[in-house]
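Please read these numbers as outputs of a predicted model, since none were measured by experiment. When reading the values below, keep in mind they use all heavy atoms of this one structure, side chains included, and skip hydrogens, waters and symmetry mates.
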Amino acid sequence: MDKLKKVLSGQDDGNADGSGILERANQASTLSWGTRVKGFLICFVLGVVCSILGTCLLWVPGFGLAVFAVLYSLGNICALSSTMFLMGPCRQLKTMWAKERVLATVIMLVCLVLTLCAAFWWKNNGLALLFCILQFLAFTW
């Protein structure tokens with residue numbers, strides 16, 4: 001009966017050893033702390049550079065908005081991925097999808113996709129800029 005309660009409450013993942021597939025993969029590919037910090041710094045700096053470069057290229061006539069949307073979204077993905085080096089991918093995903101952060105995560109990911117759709121598919125500059133602002137707000141939330 002206790003096993004059934006654990007499964008129904010989400011406390012048991014069905015494995016006898018208590019570790020899931022993602023946790024076992026994370027444990028198998030551990031990095032040293034120095035490597036984690038280097039990976040974090042590289043991804044974070046790359047994300048910031050992409051975002052700043054995209055902002056600078058926003059004012060280029062003709063294709064500026066499309067380049068901005070791609071570079072800004074890529075910068076956000078790199079910055080988000082950078083924390084995976086420090087926390088590990090499993091813990092990062094669990095934290096992102098935690099009850100108190102799930103709304104911000106969904107809004108950020110949806111706005112990221114909508115930014116690219118607005119820039120390339122709909123060719124609507126105002127919407128692309130609005131979705132970039134919403135991306136930023138959800139990312140900082």
State, to 0.1 Å, how close Ser51 and Gly75 come at their nearest heavy-atom pair, and which atoms those are.
OG-CA, 3.7 Å
Taking all non-hydrogen atoms of both residues, which atom of Ala119 and which atom of Ala66 are closest, and how far apart?
CB-CA, 4.2 Å
Are the side chains of Ile42 and Phe85 in touch, meaning some heavy atoms are under 4.5 Å apart?
no
Would you call Trp141 and Thr105 a side-chain contact if the rule is heavy atoms closer than 4.5 Å?
no
Linked, directly or transitively: Trp59 and Val49 (ILVMFWY side chains, under 4.5 Å):
no
Under a 4.5 Å cut-off applied to non-hydrogen side-chain atoms, are Val102 and Trp97 in contact?
yes
Can you tell me how far apart OG (Ser82) and CE (Met87) are? Round to the nearest 0.5 Å.
11.0 Å
Give the cluster check for Val60 versus Leu53: same hydrophobic cluster or not, with ILVMFWY residues linked at side-chain heavy-atom distances below 4.5 Å.
yes
Check whether any side-chain heavy atom of Leu58 lies under 4.5 Å from a side-chain heavy atom of Leu65, and answer yes or no.
yes
Would a single hydrophobic cluster contain both Phe136 and Ile133, if residues Ile, Leu, Val, Met, Phe, Trp and Tyr are joined by side-chain heavy-atom contacts under 4.5 Å?
yes
Could you report the tightest heavy-atom contact between Ser73 and Thr115, atom names first, then the distance?
OG-CG2, 4.0 Å
Rounded to the nearest 0.5 Å, what separation is found between the CD1 atom of Ile52 and the OH atom of Tyr72?
11.0 Å
Would you kindly confirm whether Leu127 and Leu114 end up in one hydrophobic cluster when ILVMFWY residues are joined by side chain heavy atoms under 4.5 Å apart?
yes
Atom pair SG/CE of Cys90 and Met84 - distance to nearest 0.5 Å
9.5 Å
Taking atom CZ as the centre, does Phe139 end up with more than 12 heavy-atom neighbours from other residues, nucleotides or ligands that are less than 6.0 angstrom away?
yes
Among all residues two or more places apart in sequence or in another chain, which pass the side chain to side chain donor-acceptor pair (under 3.5 Å) test with Thr35?
Ser32
Within a strict 4.5 Å, meaning less than it, do heavy atoms of the Leu116 and Val70 side chains meet?
yes
Between Leu112 and Leu134, is there a shared hydrophobic cluster once you connect ILVMFWY residues whose side-chain heavy atoms come closer than 4.5 Å?
yes
Would you say that Thr55 contacts Phe68 through its side chain, given a criterion of any heavy-atom pair below 4.5 Å between the two side chains?
yes
Could you check whether any side-chain heavy atom of Leu137 comes within less than 4.5 Å of a side-chain heavy atom of Met108, counting everything from C-beta outward?
no
Check: Leu86 and Phe44 side chains under 4.5 Å, non-hydrogen atoms
no
